[in-house]
Number of protein chains: 2
Amino acid sequence: MASKGKVKNKIASPPESADLQGSLPASNQNITIRFDSPLPDEKPPEKVNIRDVAREAGVSVATVSMVLNENPRISRGTQVRVQKMIERLGYRPNRLAQGLSSKYTQVLAVMLPPLRHALADAYFGEIISGIADRAGKLGHKMMIEQAKPQFIKEGRHIELYERRFVDGILCLGFNEKHTFLADFAGAQYPMILVDNRFGPQPLDYVHCDYRLGANQAMNCLLQLGHRAVGIIYAAPESPTARDVVDVYKSRLGEIGATVDDSWMADGRFTDEGGAAAARDLISRHPDITALLCGNDKMALGAIRALSQQGYQVPRDISIVGFDDLQHLAFANPSLTTVHLPLYELGVTACERLIEKIRGKVERVAEILPTHLVLRESTTMVRQPN
Amino acid sequence: MASKGKVKNKIASPPESADLQGSLPASNQNITIRFDSPLPDEKPPEKVNIRDVAREAGVSVATVSMVLNENPRISRGTQVRVQKMIERLGYRPNRLAQGLSSKYTQVLAVMLPPLRHALADAYFGEIISGIADRAGKLGHKMMIEQAKPQFIKEGRHIELYERRFVDGILCLGFNEKHTFLADFAGAQYPMILVDNRFGPQPLDYVHCDYRLGANQAMNCLLQLGHRAVGIIYAAPESPTARDVVDVYKSRLGEIGATVDDSWMADGRFTDEGGAAAARDLISRHPDITALLCGNDKMALGAIRALSQQGYQVPRDISIVGFDDLQHLAFANPSLTTVHLPLYELGVTACERLIEKIRGKVERVAEILPTHLVLRESTTMVRQPN
DNA sequence: ATGAATAAGTAAACCGATTAACTTTTTTCT
DNA sequence: AGAAAAAAGTTAATCGGTTTACTTATTCAT
């Protein structure tokens, strides 16, 4: 039993790794030079292929291949012998050849919307980290694509499969406005929509429980006595974003608070959008006491805008965000926010995608729980004196 | 596409349709749908390969291949005829096969340090955006790898080439402490170090002109009358980071200002690191009037720490950063900073790498100019009254 | 005219794996 | 003991391109 410590998939938590000691790959230690080679073995850049291994090990090419793929048809003895030779020769199977003759490329693509800073975004970054880690662990590589209009128009997203660049795609940051997603409907090509659903077609998805999150946020605000609560939302084309608005409305409705569009403003997911939305809301409702924000960036923008107008957070207005981005934990005031398990979301989406690739047929529709992180940007409503 | 009428297979779909879909690849002839669909948009999932194209176009496989590769040996007439057939059949060359028989995979890797949020970092994001855009334009795909210690230890960075995953690698965010970089020295495998140099070996690199940037920053501060200037640096193992410190020291030295280690603090490139460093410096030198920061994040941390201690920026202390990250232009106060052409850096690095891949041998050692962006975090030194 | 050079294609050998079908040996079952 | 089944390999076809060497038809220069 070559117990390779095959760790079964747990949803791992983010690694701490900061220290990187690039130790030189000390070339295989078992070099055991028998004859007196005066020169320390220079490296002949001869690329060794599967045939070389087969010849040296005295078996057929097929056997080597089967050893490589851990085919149980090979006996333990041969397995070990061939493995030894593989290491001795430093053989690395050519992935192009493997992909050509097998069904899989072992590559996934992460598709991002064509936003200017999608690649620098903490929200995406967190999800992608999860994807990258799990993909690596499962022996897959990860490509990044941005779905520019031109790219889609030319059908390059489908080309990704057809030309055998990738086995599957994870789509981040899209919504129902992105109609090209329907191209993935036939189950023809493995794709998983991450952190959203898609109404028009039953696509596979994994997303955070925005309804739960919204409830947690509203629980918090309501328990603190807030009744005049505004919302800064974004992307009404996004089902998960609508979930938040729905919950917001119904929770306020339940307690008989007025809730109409004048309490809602679109912050377009951005910093400045959030700021503008906050200014809007405060001017329409000077008596507003709390703000629910669709993401942390907008929450931050709102806080900034409000404090520039002389309001203090949380004394005058409480703010709750969504995301729980790391670097905002240190903001001032630090942000009360709904924690989205973004890293785990990436991990899960990646796992499901690979299962799909391997042939699993069940529909993927998974929803991960959120929780509220209470920090400084919320407090009890001020009693009107 | 237009008519969404026909809902695709629900679980319980009529046997008839299931039958039609599921089986018999036998008659790949047009299954002329008699319904009201005017265009028999048959979607034969038959994968068409180069042989099919050759047969249909009445030429040899070699000719098709040459058309694909725009080989001038093919006459204009044939070229057009074959191209037409390629489009008619919707042929897409299999990249694995292309890679296997040609020298190139058309894939690049971006290697990042194993920092927890490397993928969510605005600095990396900006560079990667440039890389992605240019790579796409030049017909290359982009992979992302994080150089975890284990990854390096197992020699997987070299494996990337040996197994033909990629043609070349761009290394971001590494410094001289990352000794594995020496593995790329032999010019054996195309690699370009981005935004740094590497002392121990003559590696190819492209980086921003940190010396110029530091001079621009110091010009600004000195012209504003500052003499008591501290510096928050990071990663002394990084040549470009040392450039900044060098310039800082020599510029202050020139005007006879005292400059020793007590004016310098390591902010580890992070927000909190910058804050801690600022607190340190201010306690050691309460009379400090300006702070040069190695990046925007540390500058922001410093501003926050200082204002928490009752100092006002820029009234009491001027701050200059490095990077010019987009989302910081809206900070309060907005940050005076040295603009690094990160997007262009990515573009350039990508171009150089692809040239290397194509066989160019000259050493790559390019340095891109910076400029100062004057905003609100700097002002004239207060006259000691 | 005529041999040489050029243009435009083609045939076939690769590239380096996987895998279906088959063979040979060893076990198992009755 | 003898037939059937399982175990452990091997052979050869295949994946889908690129590229070298070779062929044939033209064009060119003298």
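Quick note on labels: first sequence line is chain A, next is B, and so on, each numbered from 1. Excluded from the calculations below are hydrogen atoms, water molecules and symmetry mates; all remaining heavy atoms, backbone and side chain alike, are included. Owing to the predicted nature of the structure, the values given are computational and were not obtained by experimental measurement.
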Checking dT18(D), dT18(C), dT10(D) against the side chain of Ser102(B) (C-beta onward), the nearest is dT18(D)

Closer than 4.0 Å, any side-chain N/O of Thr63(B) to the OP1 or OP2 of dA8(C)?
no

Rounded to the nearest 0.5 Å, the OG1 atom of Thr105(B) sits from the CG atom of Leu160(B) at a distance of 9.5 Å

Side-chain N or O of Ser65(B) closer than 4.0 Å to phosphate OP1/OP2 of dT18(D): yes

Margin query: Taking CZ in Arg363(B) as the centre, count heavy atoms belonging to other residues, nucleotides or ligands within less than 6.0 Å. Is the count above 12?
Written below: yes

Within the 3.5 Å criterion, strictly below it, is a donor on Gln98(B) or Arg163(A) matched to an acceptor on the partner's side chain?
yes

ask   = Looking across every strand, which nucleic acid part, if any, lies under 4.0 Å from Val64(A) by heavy atom: base, sugar-phosphate, or nothing?
value = nothing

| said: With a cut-off of less than 4.0 Å, is there a side-chain N or O of Ser75(B) near OP1 or OP2 of dA7(C)? | reply: no

Whole-Å distance, Arg164(B) CZ to dG17(D) C1', equals 13 Å

Of the listed dT10(C), dG16(D), dG9(D), the closest approach to the Leu100(B) side chain comes from dG16(D)

Whole-Å distance, Arg163(A) CZ to dC15(D) P, equals 19 Å

Whole-Å distance, Lys103(A) NZ to dA20(C) C1', equals 16 Å

Atom CG of Leu96(A) and atom P of dG16(D) are separated, to the nearest Å, by 15 Å

Asn94(A) atom CG is separated from dC14(C) atom P, nearest whole Å, by 17 Å

Rounded to whole Å, the CZ-P distance (Arg51(B) to dA12(C)) equals 13 Å

What about the rings of Phe184(B) and Phe198(B), do their centers lie closer together than 6.0 Å? no

Taking dT10(C), dA12(D), dA17(C) as options, the one with an atom nearest any side-chain atom of Arg73(B) is dT10(C)

Output for pair (Gln146(A) CD, Phe151(A) CZ), nearest 0.5 Å, gives 10.0 Å

Presence of Ser101(A) side-chain N/O under 4.0 Å of dT19(C) phosphate oxygens OP1/OP2 = no

Asn69(B) atom CG is separated from dT18(D) atom C1', nearest whole Å, by 7 Å

Atom CD1 of Ile74(B) and atom P of dT10(C) are separated, to the nearest Å, by 8 Å

Tyr91(B) vs dG17(D): side-chain N/O to OP1/OP2 distance below 4.0 Å:
yes

